[in-house]
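This report refers to the structure that appears directly beneath it.
First the proteins, then the strands, lettered A, B, ... as listed; each starts at 1. Only heavy atoms go into these numbers, but all of them, side chains included; no hydrogens, no water, no symmetry mates.
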Amino acid sequence: MSLEKRYTPQTIESKWYQHWLEKKYFHSKPDEREAYTIVIPPPNVTGVLHMGHMLNNTIQDVLIRRARLQGYNTCWVPGTDHASIATEAKVVKKLRAKGIKKSDLTREEFMQHAWEWKEEYGGIILDQLKKLGASCDWDRTRFTMEDKLSKAVLKVFVDLYKKGKIYRGLRMTNWDPEALTVLSNEEVIHSDEHSKLYHVRYKIANSDEWVTIATTRPETILGDSAVAVHPKDERYAHLKGKKAIIPMVNREVPIIFDRYVTMEFGTGALKVTPAHDMNDYEIGLRHNLEVIDTLNANGTMSEAAQFYIGEDRFSVRKKIVKDLEALGHIVNVEDYQNKVGRSERTNAIIEPRLTEQWFVSMKEFAATGLKAVETGEVNFHPKHFYNMYHNWLNEDNIKDWCISRQLWWGQRIPAWYYEGEVFVAETAQDALNQAQEKFKDKNLTLEDLKQDEDVLDTWFSSWLWPISVFDGFEKQDELKYYYPTNVLVTGWDIMFFWVARMVMAGYEWSEDLLGKEHIQKYGKQPFKHVYYTGMVRDEQRRKMSKSLGNSPDALELLDNYGADGVRFGMLSSAAAGNDILFDAPYDKTQKKTLSESEKCNQGLNFANKIWQALRLIKGWQIEDKKQPKVNTLAAKWMDNRFNQALERLDNSFKDFRLSEALMDLYNFTWGDFCSWYLEMIKPPYGEAIDRKTYEQAIGFFEKITIILHPFMPFVTEEIWHNLNIRKEGEDCIISQYPKVTVFDEEFLKTVENAKELITKIREARAKIKGLKKHTLMQLYVEKSNNAQLFFDTPNIKELIMKMGVLDVLEMTTTEPESSVAFIAGTEKYYLIVKQEIDKGAETVKLKKEKQRLEGFLIGIAKKLSNERFVNNAPEKVVALERKKQADTEAKIKLIEEQLKSLSL
RNA sequence: AGCGGUGUAGCCUAGCGGUUUAUGGCGUCUGUCUUACACACAGAAGAUCGAAGGUUCGAAUCCUUCCAUCGCUACCA
């Protein structure tokens, strides 16, 4: 068998993914094993893979693969959500390109088109996840709008309605004039934008006086129904009982006094437009003001505006300023910056609008959500995200959840109207029965009832996801096995859309579905842990997004570095919860972000490094002969060191510190295994290796591929298969994760000392000009108890001789002729050198080291001479400082001796 | 404006009261194509731990204020 000189991910990755799929390793069925479950935060069905997804899904895959290796029955459920607004917008756009308007279609026809669109384009992202290596149970792929999941949605809607937790009401809502739907608060993004503040004067009726108001939205003047001032504002006290005349429409409106007005802002006088401003609406309620809706749903002026009817609000803004100016109403215009809300999906500026909507009452839900995290039934990683969670959920801030959307793509609200009454039911027939009973009229038919035109918010589907993907609302056999899920991995930006609401849903329904006994044993929570990933940002700290064009192409990255490389790159710099500044360079001439990354390249290099280790081992001839002493020691060390590393690794996983886990593995594999262990056992050129050592090496390597597998699944699977002849059905992905066994820390320290000594020998050798790599040298160590103890360690001498390329290593009581001295640990060594060494350079180096140590010593002495330190600090600490002092003094003494002999 | 997170070498990161004049990695610089690997090996340089005060015998670590940055919430029209 010959191995490629370099590791090339491309062919290898697709080969193994295919193999895993064929073997159905990702598929889960309930059995006697303990389950480990993750439900994917369903990406938007219209979406394509971006950097955030890659980070997020890499983490989920790492957790799932490790659990699988540990013997859990792992189930990672993939799927997508139907994203009503985004998808409907895409479908409308596509139809428009074909010359079809949504308004020309019936609801059923439109839905037909939408489903066709979904079948054609939806779920591309899931295929892309396969390229990343995601080991999702694809047989379980779900979609929030499929039949069963939709049924669940209707079921909980009816349930909440019956419990009085859902209500319908007239409210000021966030209206998206482009998507023609209302949005929840969370779907509106507020940001500072440049605008102008217009000072406009209104005439006071029956007087020559004027009152000047300030507004950023002069087009809404046409809908004004009052001018408000603060009750304590003396400037305006005399206007009590007077009326102001709204320009152009010449409407007389009252001047009202309300404490909402800020006296210091603008002129202290506020125009009140109850139909188009949240706060004005509240004022309107208090003062019983007229609500004049001057805007149509699509953002054009309505009949009620009287002017500019049918024109868009933004062109009207320009026009009305000119017209007001001509009429002498504009006092002045200043540049201004204010917060403008835009739709997360369409980017349209949101209009506050009074509409009838369905709401979920949140007070109780919020308390449940908070408690779940407070009690530790749900754990956040990192913990501090609880602050943000609390901030949103506490009773002062929580707002009822508006769940209706004026769209067609989604679950249609199961409410039917007849004669002003509403009937909420899972089916039309049920609603009809209710209506017949209510009206005592058996002759009512389905035609008499009118179903609500609106659909439900997409998140009203996704909050059920941890239950509904197991068809939990219908039957509970699978839910019993997989619920609660283990961990949810998500960006903190959707903490409220998702995490909070999923927790609420879990607590609301799990007991009804699973029964008291199950809940007492396992809990109500939908997941035990929430791992919040950071945002992936560019070098300027902007969130990487498609719209900004600052993101590299995810698929190109995968092509360039392999999935293993990209996974490494994403994770190595992603401490939990911290944002990642991804290092893809921006090309100014091409004006785009390149699909290149040093971080991913490091991952590819790492894959190649392990590949090279494989080539080395597989290149050895094997012979049945006695194991050399060095190799016995090497094996003992590797075994201990492996367990030490594994223990650290387990701890990192326990705290969800995945990047630390990966970096530890990287250092262990590259440093300890490749650079030290393989060098220790490497036979001299041309010689064969003994069978025992060979088998041990294969054994260690195999364990390494297993613990590395969750992070870099492809290269490890490939190497694992090359290490041994494997039977059908044996694969790295389903092999057994090693368990930590005891390790000898003292022994490990001894070998570390040996490694330090070897490094020192190599340094000393490197200074000798023209020295051949294999030239054997002689080393003496000054006799001492410590030295005796050190070299008594079985086989340590042989190890140092091999790694240091020595033929003599002995104790001495005198300084040998023509030698250079150095210190390793607390021992003094002499390396026999027949050649002159650069005394000057050596002296400089030693003096520098001496200086450093003396500085260190001063620090310690300061502490020890401080009486309060000696008296107050714990004895242990003082003793430690004393030991540090003694050790440092000894070292300085050795250096001084060396300097003396150099000057001779 | 209120609240919260973060701030450690050019970049990422560990440490979160004394084992540290600060950990590891990337990058940089200097050698070396050494029989697995130049996607490598061997070395080196690079940090007054955001700033200023305070608590303490002792602070990167705790407290206060400030600055920067990222958010959340609420907005003065």
| query | Contact class for A:E687 (heavy atom, under 4.0 Å): base, sugar-phosphate, or nothing? | reply |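 It contacts nothing in the nucleic acid.
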| said: Categorize A:N279 for me: base, sugar-phosphate, or nothing, with a 4.0 angstrom heavy-atom threshold over every strand shown. | reply: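 It contacts sugar-phosphate atoms only.
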| said: With a 3.5 Å cut-off and heavy atoms only, can you find an N or O donor on one side and an acceptor on the other between the side chain of A:H390 and the base of B:U73? | reply: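 Answer is no: no donor-acceptor pair is held.
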| Protein proximity profile, nucleotides 38-45 of chain B - base contact B, sugar-phosphate-only contact S, no contact -, cut-off 4.0 Å on heavy atoms | SBSS-S-S
| remark: Heavy-atom contacts, protein to nucleotides 59-65 of chain B, under 4.0 Å, summarised as B (base), S (sugar-phosphate only) or - (none) per nt, yield -------
Donor-acceptor pairs are to be reported for all side-chain atoms of residues 867-876 of chain A against protein atoms at under 3.5 Å, with residues two or more places apart or in another chain.
residue : atom : partner : partner atom : Å
A:N871  : ND2  : A:E867  : O            : 3.2
A:N872  : ND2  : A:R868  : O            : 3.1

| message | Side chains of A:I320 and A:L222, heavy atoms from C-beta outward: is any pair under 4.5 Å? | response |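 Counting from C-beta outward, A:I320 and A:L222 do come under 4.5 Å.
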| For A:R217 and A:N866, take the nucleotide of RNA chain B holding the closest heavy atom to each; which residue's nucleotide lies nearer the 5' end? |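 In this pair, the answer is A:N866.
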| query | A:N387 has an atom CG; how far is it from atom C1' of B:G5, in whole Å? | reply |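 Computing the A:N387:CG to B:G5:C1' distance gives 8 Å.
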| query | Please give, in whole Å, the distance from B:U6 P to A:W492 CH2? | reply |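 Between P of B:U6 and CH2 of A:W492: 13 Å.
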| field | Lys/Arg-Asp/Glu bridge criterion (N-O < 4.0 Å) met for A:R217, A:E351 | value |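 So A:R217 pairs with A:E351 through a salt bridge.
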| Which nucleotide sits closest to the side chain of A:E598: B:A77, B:G27, B:G25? |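 Looking only at side-chain atoms, A:E598 lies closest to B:G27.
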